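Given the structure is predicted, the values throughout are model-derived calculations rather than measurements.
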Amino acid sequence: MRAWFFPPRPDRWLVDDPRERRLIRVELLIVFAITLGLTGLSSLLSLVDSLLQPVALSQQTVAINVPQADLGVLDLLKQLVGVIRLTAWGALGVYLLYRAGFTLAAIGLDASRKMWDALGGLGLAALIGIPGLGFYLLAYGLGINLAVAPTTLNDAWWRPVVLVLLAIGNAWAEEALVVGYLITRLRQLGQSENRSLVVAAVLRGSYHLYQGFGGFLGNVLMGLVFGRVWQRTNRLWPLVIAHALIDVVAFVGYAALRDEVSWLP
């Protein structure tokens with residue numbers, strides 16, 4: 001158990017050259033300034049705006065996947081552009097690591113362990129998804145979270161397909177950037193495994209602040225679990241699979257049940 005709570009940092013990728021270390025820091029700043037770091041700042045401002053409203057957080061609603069155009073075909077195309085953007089964000093992190101000498105196997109994105117990755121993804125989805133729903137309902141009941149509507153997309157034929165693609169895009173972008181890319185770069189800068197894990201988890205929580213304090217805390221906890229699993233197993237696919245499954249259930253399930261059950265906020 002000690003190895004899980006206090007894992008040693010793999011020093012084979014440690015960068016000693018001062019110039020290279022500066023370039024890595026600049027790269028981190030640029031990458032997250034145009035991707036999830038900027039999203040985190042925007043999310044923080046959204047939370048501040050919600051707190052300044054004359055009603056409690058639990059009396060406000062925030063939607064994740066919303067219509068982007070009035071005309072159905074344009075809405076579909078704009079949703080697909082969002083999927084492409086998420087895919088490109090994740091690919092950017094993987095590409096930069098590849099250019100720096102990391103193979104896909106070095107960050108756990110090779111296809112050498114398909115069955116293990118799939119089963120690990122299913123297990124992680126159950127471990128995080130079921131308690132995560134309970135935590136959200138608790139946070140909402142305590143008044144520290146907004147009511148989160150995973151989707152307000154119109155009931156079009158393409159809605160389930162788009163929601164699945166958006167779930168996969170979210171999973172790929174977040175796990176590739178916040179776990180595979182960020183923690184690897186922090187390792188190169190000599191940060192300990194625990195410090196790198198906390199930084200990645202807080203970043204993950206930051207771009208969910210628009211949901212409220214419950215959304216932040218829940219995603220920090222998810223980040224701690226996911227990041228540590230990657231640090232110990234060096235497999236990124238289980239995280240992507242688990243995250244995609246959680247989001248698919250949330251997005252598609254909500255669209256199917258929102259008018260059928262009374263306990264969903």
* For Arg85, look at atom CZ and say whether over 12 heavy atoms of other residues, nucleotides or ligands are found less than 6.0 Å away. => no
* Asked: Just by distance, do the side chain of Ser43 and the backbone of Thr39 share a donor-acceptor pair under 3.5 Å?
  -> no
* Structure fact -> Heavy atoms of Ala147 and Tyr140 approach each other most closely as CB-CE1, 3.7 Å
* Residues in side-chain hydrogen bond (donor to acceptor under 3.5 Å, both in side chains) with Ser112, at least two apart? -> Asp110
* Asked: Given side chains that start at C-beta, do those of Thr151 and Ile64 come closer than 4.5 Å, heavy atoms only?
  -> no
* Structure fact -> Taking every heavy atom of Ala171 against every heavy atom of Ala244, the minimum-distance pair comes out as CB-N, 3.4 Å
* Structure fact -> All heavy atoms of Tyr254 vs all of Ala149, minimum pair found to be OH-CB, 3.5 Å
* Audit row: Arg159, Asp155, salt bridge (Lys or Arg N to Asp or Glu O under 4.0 Å) steps and yes/no -> CA-CA 7 Å; Arg159 183 176 67 181; Asp155 189 14; 3.3 Å; yes
* Is there a donor-acceptor pair under 3.5 Å between the side chain of Asn234 and the backbone N or O of Ala106? -> yes
* Asked: Is it the case that one hydrophobic cluster holds both Leu36 and Val26, taking links as side-chain heavy atoms less than 4.5 Å apart, direct or via other members?
  -> no
* To do: Find out whether Pro7 and Asn194 are in side-chain contact, i.e. whether some heavy atom of one side chain is under 4.5 Å from a heavy atom of the other.
  => yes
* Is a salt bridge present between Glu20 and Arg25, judged by a nitrogen-to-oxygen distance below 4.0 Å? -> no
* Between Tyr136 and Gln211, does any side-chain donor sit less than 3.5 Å from a side-chain acceptor? -> no
* Just wondering, do Thr152 and Asn65 contact through their side chains at under 4.5 Å, heavy atoms? -> no
* Gap separating the CG atom of Asp247 from the CG atom of Leu166, nearest 0.5 angstrom -> 9.5 Å
* Same apolar cluster: Ile144 and Val220, side chain cutoff 4.5 Å -> yes
* **Asp70 atom CG, neighbour heavy-atom count above 12 within 6.0 Å** => no
* To do: Examine distances only and state if a side-chain atom of Ser42 and a backbone atom of Leu38 form a donor-acceptor pair shorter than 3.5 Å.
  => no
* Determine whether Val225 and Leu124 make a side-chain contact, defined as any pair of heavy atoms from C-beta on separated by less than 4.5 Å. => yes
* To do: Mind running salt bridge (Lys or Arg N to Asp or Glu O under 4.0 Å) on Glu27 and Arg99 for me, showing each step along the way?
  => CA-CA 13 Å; Glu27 180 186 287; Arg99 285 294 302 269; over 6 Å; no
* Is Val148 reachable from Val252 through a run of I, L, V, M, F, W or Y residues, each pair having side-chain heavy atoms under 4.5 Å apart? -> yes
* Just by modelled atom types, is the Pro67 backbone N or O under 3.5 Å from a matching donor or acceptor in the Asn154 side chain? -> no
* Structure fact -> In this structure, CG of Leu96 is separated from CZ of Phe102 (nearest 0.5 Å) by 11.5 Å
* Any side-chain heavy atom of Asp117 sitting closer than 4.5 Å to one from Val240? -> no
* Asked: In Å, rounded to the nearest 0.5 Å, how long is the span from CG of Leu146 to CD of Gln53?
  -> 9.5 Å
* Asked: Is the side chain of Lys78 donor-acceptor paired with the backbone N or O of Asp75 at a distance under 3.5 Å, no angle test?
  -> no
* To do: Keeping the roles fixed (side chain from Asn219, backbone from Gly215), state whether a donor-acceptor pair exists under 3.5 Å.
  => yes
* For Phe213, does the CZ atom have more than 12 heavy-atom neighbours from other residues, nucleotides or ligands under 6.0 Å away? -> no
* To do: Say whether Leu177 and Leu28 are linked into one hydrophobic cluster, either directly or through other cluster members, by side-chain heavy-atom distances under 4.5 angstrom.
  => yes
* Ignoring hydrogens and geometry, is there a side-chain-to-backbone donor-acceptor pair from Gln60 to Ser50 under 3.5 Å? -> yes
* Heavy-atom distance under 4.5 Å between the side chains of Gln231 and Leu197, does that happen here? -> yes
* Asked: What residues form a ring pair (Phe, Tyr, Trp, His ring centres under 6.0 Å) with Trp158, not counting sequence neighbours?
  -> none
* Under 3.5 Å, is there a donor-acceptor pair between the side chain of Arg187 and the main chain of Arg9? -> no
* Hey, does Leu86 have a side-chain heavy atom less than 4.5 Å from the side chain of Trp89? -> yes
* Asked: Would you find a donor on one side and an acceptor on the other, under 3.5 Å apart, between the side chain of Trp172 and the backbone of Thr87?
  -> yes
* Asked: Between Glu193 and Arg228, does at least one N-O distance fall below 4.0 Å, as a salt bridge requires?
  -> no
* State, to 0.1 Å, how close Gly143 and Leu57 come at their nearest heavy-atom pair, and which atoms those are. => O-CB, 3.8 Å
* **hydrophobic_cluster_shared for Trp157 and Val83, side chain cutoff 4.5 Å** => yes
* Structure fact -> Contacts of Tyr210 meeting ring pair (Phe, Tyr, Trp, His ring centres under 6.0 Å) (sequence neighbours excluded), chain-then-number -> none
* Asked: Aromatic rings Tyr181 and Phe32: how do their planes relate, parallel, tilted or perpendicular, breaks at 30° and 60°?
  -> tilted
* Greater than 12 external heavy atoms within 6.0 Å of Phe135's CZ -> yes
* Asked: If you take all heavy atoms of Arg21 and Gly190, which pair is closest and at what distance?
  -> NH1-N, 4.4 Å
* Looking only at non-hydrogen atoms, find the nearest pair between Gly227 and Ile183 and report the distance. => CA-CD1, 4.4 Å
* Can you tell if the side chain of Trp13 reaches within under 4.5 Å of the side chain of Gln188, non-hydrogen atoms only? -> yes
* Has the side chain of Gln79 got a donor or acceptor atom that lies under 3.5 Å from a matching backbone atom of Val66? -> yes
* Cationic tip of Arg235 above Trp116 ring, under 6.0 Å, 45° of axis -> no
